[in-house]
Colleague: 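Can you keep this structure in mind? I'll have questions shortly.
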Amino acid sequence: ILPKAWVAQRSKAPHLSARGVTTVPGSNPALRDPMSMERTNLLNMAKLSIKGLIESALSFGRTLDSDYPPLQQFFVVMEHCLKHGLKVKKSFLGYNKSLWGPLEMVEKLCPEAGEIAASVRDLPGLKTPLGRARAWLRLALMQKRLADYLRLLITRKDLLSDFYDNSAVMVEEEGAVIVGLLVGLNVIDANLCVKGEDLDTQVGVIDFSMYLKNDIDDYRSGERNGQIAAILDQKNYVEELNRQLNSSVHGLQGRVDNLEKSNSILIEELAIAKNNIIKLQEENHQLRNENTIILIKAQQQLEVTQVDVDVELDTYKQSRQGLDEMYNEARRQLREECQLRQDVENELVVQVSMKQEMDLAMKLLEKDIHEKQDTLIGLRHQLDEVKAINVEMYTKMQTSDDGMKQKNDMITRLEEKTNQITATMKQLEQRLQEAERDRWTAEDGARKFKHDFANKADSLQKQIAQREKQMQQLETDLKIEKEWRQTLQNDLERERDIVAQLSAEAQQINGLKKEFHRLQDENSQLKGICEEQEQALEELGCKLSESKLKIEDIKEANKALQGGQVWLKDKDATHCKLCEKEFSISRRKHHCRNCGEIFCNACSDNELPLPASPKPVRVCDTCHALLLQRCSSNAT
């Protein structure tokens, strides 16, 4: 039902057909393009709605809410403009016209629009694309960026061709005009509660009664326009100053954040360096303890080895005395044999005339002599081996330590005794040769006395058997001496290995000392680095305090320009206003952007959009409750 003023002026004003085409009385609508007529009608309606919204908002003099009628009509007109020429897309449920598709593309063109798109997607009450598009328009108007976002959208004709026809408002010049008109809406402050509204089922119908004006209103609007223009100029100037101050505050805040991050990084590095120093000191202490333990063990091993060497020397002396006794007994036995040999020779000289009886005895003696010669040859080889062993032992004993000189002396004595034994054996050989010569001379006379001296030959055989036994004993004694010398060589090698181990341990101790000195140098270097870092931290703290003072001055200037609440200084507050807890390094100070008081993080961890800033900012608990109550009362 239209008002009477609309009916009275209907004959004079252009008519709007069912399809949205304006018709002038006396003109033929078939001669013009219907889409162009619709574009002009929508442009005129956009002009009327934007102008009426600006004028009414300035006369209203406060923040607009979602129940304000001109604001509702503006969103309806914008919805019709965005729907004009929209392509129909097929889906599983039928045909669909959606405004959310082109508006969602703004997120790719402008990263700042991502916050709006994300908040629209997160709203739980929106189920249709149309509802999301309506919520997006309201949030963009609250941000005062609706004209910027739509300007970016209409400049990309390639993207709009996927959603709109070629004759749509957003593609043609009328869209650029509408976007230019939307710039004037930046002077309006709106606080819209999108979460509680039912945007999916709203019916978008344009109410033309709001745009019908009388002559008196036209006259008053002319006077009002001058006042509005002056007020708009002042407001634009103040908003430009506010934006510049906000940009400088954001820059300084970013610098402060960077300095705080670098400060925390330096503190962490200093803590790590201190931990490394503590670990190095502990390792140094452990190495010192290990060094003392190794020295004690080495001294104990040296004492044990010294005791073992003394015991071995005692055993060597005792064994040397036993060998001397054995050599004395062997020499005595050789003397007795020499005496017996002389007696036999005397008997052979006496009994030369008894050759016939001594033939058999002499043959037996020849066999025995040959066997003894073989044994003598074997003894010579053994003596040569003994000489070679003695020479090797002598050379080895020369390279040993000074404590082994007594052993060398004893070995030389043994060599002298062996030389004496070889000399006596050579004398025996010479005597045997002389006896053979005498035997050949006495063969003729010995045959005669063959039978008389048979018994004497038996006695001689017994004596020879005894001498063979004595020679076997001597051979066993020589073998025992060889084994004893082999054990001495093994003991010497063991002592050399022990000496080598001790020298290696001494080298290890020297290496540990060098490493300890190196760790001390590294410790001093780390101390120097820590001192430098502490100086750098002090300088950074001074710079941070200076930057904080500058930020506080800028914030005070900003609050002075904005008016309203008083921005409390940091030095004036020592305790939280709500919980009254004292501020410290862990409990930092935070300003409430609504009342300007200082609170702790626990009492000011809320964020809400304010008229001064459309983005959510920090507010205290009391301001948060008051703002929520105000928003709920406006919504009702």
Colleague: Just how far is it from atom CD of Gln507 to atom CG of Leu502, taken to the nearest 0.5 Å?
Modeller: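 CG of Leu502 is found 11.5 Å from CD of Gln507.
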Colleague: Distance check, rounded to the nearest 0.5 Å: Glu303 atom CD versus Thr305 atom OG1?
Modeller: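 Result: 8.5 Å between the selected atoms.
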Colleague: Can you tell me how far the CG atom of Asp257 sits from the CG atom of Asn263, to the nearest 0.5 Å?
Modeller: 12.5 Å
Colleague: Do Ile294 and Leu512 have side chains that get closer than 4.5 Å, going by heavy atoms?
Modeller: yes
Colleague: Work out which heavy atom in Pro616 is nearest to a heavy atom in Glu607; give both atom names and the distance.
Modeller: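 The answer is CB-CB, 4.0 Å.
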Colleague: What residues, two or more places apart in sequence or in another chain, satisfy side-chain contact (heavy atoms from CB on, under 4.5 Å) together with Asp497?
Modeller: none
Colleague: Restricting to side-chain contact (heavy atoms from CB on, under 4.5 Å), what partner residues turn up for Gln508, sequence neighbours left out?
Modeller: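 Checked Gln508 against side-chain contact (heavy atoms from CB on, under 4.5 Å); zero matches.
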Colleague: Between Arg593 and Leu610, which heavy-atom pair has the shortest distance, and what is it?
Modeller: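 Heavy atoms only, the tightest pair is O-CD1, 3.7 Å.
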Colleague: Any side-chain heavy atom of Gln420 sitting closer than 4.5 Å to one from Arg331?
Modeller: yes
Colleague: About how many Å separate CD1 of Ile272 and CD1 of Ile277, when rounded to the nearest 0.5 Å?
Modeller: 12.0 Å
Colleague: For residues Ala113 and Val106, report the shortest heavy-atom separation together with the two atoms involved.
Modeller: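 Heavy atoms only, the tightest pair is CB-CG1, 4.0 Å.
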Colleague: Any heavy-atom pair between the side chains of Arg255 and Leu252 that's under 4.5 Å?
Modeller: yes
Colleague: Could you give me the CA-CA distance, side-chain angles and deciding distance for Asn594 and Leu608, then say whether side-chain contact (heavy atoms from CB on, under 4.5 Å) is met?
Modeller: CA-CA 10 Å; Asn594 189 36; Leu608 280 177; over 6 Å; no
Colleague: Which one of Lys482, Met326, Glu329, Gln472 satisfies the side-chain contact (heavy atoms from CB on, under 4.5 Å) criterion with Asp477?
Modeller: Met326
Colleague: Assess whether a salt bridge exists between Arg496 and Glu493, defined as any Lys/Arg side-chain N lying under 4.0 Å from an Asp/Glu carboxylate O.
Modeller: no
Colleague: Of all heavy-atom pairs between Val120 and Leu126, which one has the smallest distance, and what is that distance?
Modeller: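 Residues Val120 and Leu126, closest heavy atoms: O-CD1, 4.0 Å.
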Colleague: Do the non-hydrogen side-chain atoms of Cys592 and Val619 ever get within less than 4.5 Å of each other?
Modeller: yes
Colleague: Given side chains that start at C-beta, do those of Gln489 and Gln486 come closer than 4.5 Å, heavy atoms only?
Modeller: yes
Colleague: Test side-chain contact (heavy atoms from CB on, under 4.5 Å) on Leu287 and Glu290; report intermediate values, then the result.
Modeller: CA-CA 5 Å; Leu287 288 172; Glu290 291 177 356; 3.9 Å; yes
Colleague: Around Glu580, counting heavy atoms of other residues, nucleotides and ligands shown, do more than 12 lie under 6.0 Å from its CD?
Modeller: no
Colleague: A quick test of your reading: do over 12 heavy atoms of other residues, nucleotides or ligands sit less than 6.0 Å from NZ of Lys589?
Modeller: yes
Colleague: Within the structure provided, determine whether Ile498 and Asp308 are in side-chain contact (heavy-atom separation under 4.5 Å).
Modeller: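 No. Closest side-chain heavy atoms not under 4.5 Å.
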Colleague: What I'd like to find out is whether the side chain of Ile598 reaches to under 4.5 Å of the side chain of Phe583, using heavy atoms alone.
Modeller: yes
Colleague: With the threshold set at 4.0 Å, does a side-chain nitrogen-carboxylate oxygen contact exist between Glu337 and Arg341?
Modeller: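 Salt bridge: no.
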Colleague: Please report the C-alpha distance between Phe599 and Lys577 in whole Å, then the side-chain angles of each, then the deciding distance to 0.1 Å, and finally whether the side-chain contact (heavy atoms from CB on, under 4.5 Å) criterion is met.
Modeller: CA-CA 6 Å; Phe599 303 88; Lys577 190 175 181 182; 3.6 Å; yes
Colleague: Can you tell me how far apart OG (Ser262) and CD1 (Ile267) are? Round to the nearest 0.5 Å.
Modeller: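 With rounding to 0.5 Å, OG (Ser262) is 9.5 Å from CD1 (Ile267).
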Colleague: Taking all non-hydrogen atoms of both residues, which atom of His591 and which atom of Leu568 are closest, and how far apart?
Modeller: NE2-O, 2.6 Å
Colleague: For residues His285 and Asn289, is any side-chain donor paired with an opposing acceptor at under 3.5 Å?
Modeller: yes
Colleague: Given the rule in the salt bridge (charged side-chain N to carboxylate O under 4.0 Å, His left out) test, do Arg518 and Glu515 qualify, once you have shown the distances and angles that lead to the verdict?
Modeller: CA-CA 5 Å; Arg518 183 178 62 78; Glu515 189 173 1; 3.8 Å; yes
Colleague: What distance do Cys620 atom SG and Glu597 atom CD have between them, rounded to the nearest 0.5 Å?
Modeller: 8.5 Å
Colleague: When you check the gap from the basic side-chain N to the acidic O, do Lys615 and Glu112 get nearer than 4.0 Å?
Modeller: no
Colleague: With a cut-off of 6.0 Å (strictly less than), are more than 12 heavy atoms of other residues, nucleotides or ligands near CZ of Arg121?
Modeller: yes
Colleague: Verify side-chain contact (heavy atoms from CB on, under 4.5 Å) between Thr292 and Arg288, making sure each step is shown before the conclusion.
Modeller: CA-CA 6 Å; Thr292 54; Arg288 284 181 180 177; 5.7 Å; no
Colleague: One thing to verify: whether Arg332 and Glu336 come together as a salt bridge, which I'm taking to mean a side-chain N less than 4.0 angstrom from a carboxylate O.
Modeller: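 Salt bridge: yes.
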Colleague: Do Ser584 and Arg587 have side chains that get closer than 4.5 Å, going by heavy atoms?
Modeller: yes
Colleague: Check whether any side-chain N or O of Asn523 sits under 3.5 Å from a backbone N or O of Leu519 as a donor-acceptor pair, and report yes or no.
Modeller: no
Colleague: Quick one: closest heavy-atom pair of Ser604 and Arg618, and the distance?
Modeller: O-NH1, 2.6 Å
